[in-house]
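See below for the structure under consideration.
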Amino acid sequence: MEERIKLIQGDITIMPVDAVVNAANSSLLGGGGVDGAIHRAAGPGLAEICRLLGGCEVGEAKVTPGLHLHAKYIIHTVGPVWKGGKNEEAEKLANCYRSILLQAELHECNTVAIPNISTGIYHFPKQLAAEIAIRETRNFLSSHSVPVTVTFVCFDQENFDIYRDLLNS
Ligand code: AR6
């Protein structure tokens, strides 16, 4: 596995990194899944700050402080809802990863942890999502020195196995 890409299975809210990524919805006001977990761990101040951001488009990313997280920043992105694959879902998910990594660079985050965006409540197929995540991250890192390392944090066993196989191949 390449040195600048890491893989773990676990809870992203406890990651000791410069920035954790949130798989939010376009309101940025919180929700279920990893979004709910991040808001609970960061504290109620996060919703207050997010309210001032005026939402976020699919494929884009906005940054807040990490508040009670170990992470200094939270990079909120909005993945596409899977609607069968003919609604530019793959391109939109690729845009999420590019936006995340650009924001990480802009905020001088050396270490970033990213969950499996869109693969939960938004039903994006896990294999395709992982291929896009790894391809876009490899592309970005090949031409940028920051972030130094990107950790994919898989919550479920299925995603972890898919990432492990792709990163080892
Ligand atoms: N740490 C890491 N990954 C997690 C955690 C956690 N604590 N909890 C869940 N996951 P989802 P989406 C994984 O549904 O599909 C929210 O309501 C989970 O296993 O959180 O992008 C938002 O507000 C899955 O692999 O996000 C939106 O409305 C991955 O995180 C909507 O869900 C993403 O699943 C976004 O849906």
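Both ligands and their constituent atoms are indexed starting at 1 by order of listing.
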Looking at Asn22, Asp35, Asn25, which hits side-chain hydrogen bond (donor to acceptor under 3.5 Å, both in side chains) with His76?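 The passing option is Asn22.
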Any side-chain donor near an acceptor of the partner, Asn110 and Asp18, under 3.5 Å: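 Absent: no donor and acceptor within the cut-off.
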Of the protein's non-hydrogen atoms, which lies at the shortest distance from [atom], and what is that distance?
atom                    : result
atom 15 (O) of ligand 1 : Gly120 N, 2.8 Å
atom 36 (O) of ligand 1 : Tyr122 CG, 3.4 Å
atom 22 (C) of ligand 1 : Asp35 OD2, 3.5 Å

Is the closest basic N to carboxylate O distance between Lys83 and Glu88 below 4.0 Å?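 So Lys83 does not pair with Glu88 through a salt bridge.
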Would you indicate which of Ala129, Ser27, Ser26, Gly32 comes nearest to atom 16 (C) of ligand 1 when only heavy atoms are counted?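 The residue whose heavy atom sits nearest atom 16 (C) of ligand 1 is Gly32.
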What do you reckon, does Gly10 put a non-hydrogen atom under 4.0 Å from ligand 1?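 In this structure, Gly10 qualifies as a contact of ligand 1 - some heavy atom is under 4.0 Å.
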Close approach of Gly79 to ligand 1, heavy atoms, under 4.0 angstrom: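 It does not; every heavy atom stays at 4.0 Å or beyond.
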Taking only heavy atoms of [X] into account, list the atoms of ligand 1 that are under 4.0 Å away from them.
X      : answer
Val34  : 1 (N), 2 (C), 3 (N), 4 (C), 5 (C), 6 (C), 8 (N), 9 (C), 10 (N), 20 (O), 30 (O)
Ala37  : 7 (N)
Asp156 : 19 (O), 25 (O)

In a table with atom names and distances, give each donor-acceptor pair under 3.5 Å that connects a side chain of residues 112-133 to protein atoms at least two apart or in another chain.
| unit_1 | atom_1 | unit_2 | atom_2 | d |
| --- | --- | --- | --- | --- |
| Asn116 | OD1 | Asn159 | ND2 | 3.2 |
| Asn116 | ND2 | Tyr163 | OH | 3.4 |
| Ser118 | OG | Pro80 | O | 2.8 |
| Thr119 | OG1 | Asn116 | O | 2.8 |
| Thr119 | OG1 | Asn159 | ND2 | 3.3 |
| Lys126 | NZ | Asp156 | OD2 | 3.1 |
| Lys126 | NZ | Glu158 | OE1 | 3.2 |
| Gln127 | NE2 | Glu131 | OE2 | 3.0 |

Tell me which part of Asn159 gets within contact of ligand 1: side chain, backbone, both or neither, using heavy atoms under 4.0 Å.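 Side chain only.
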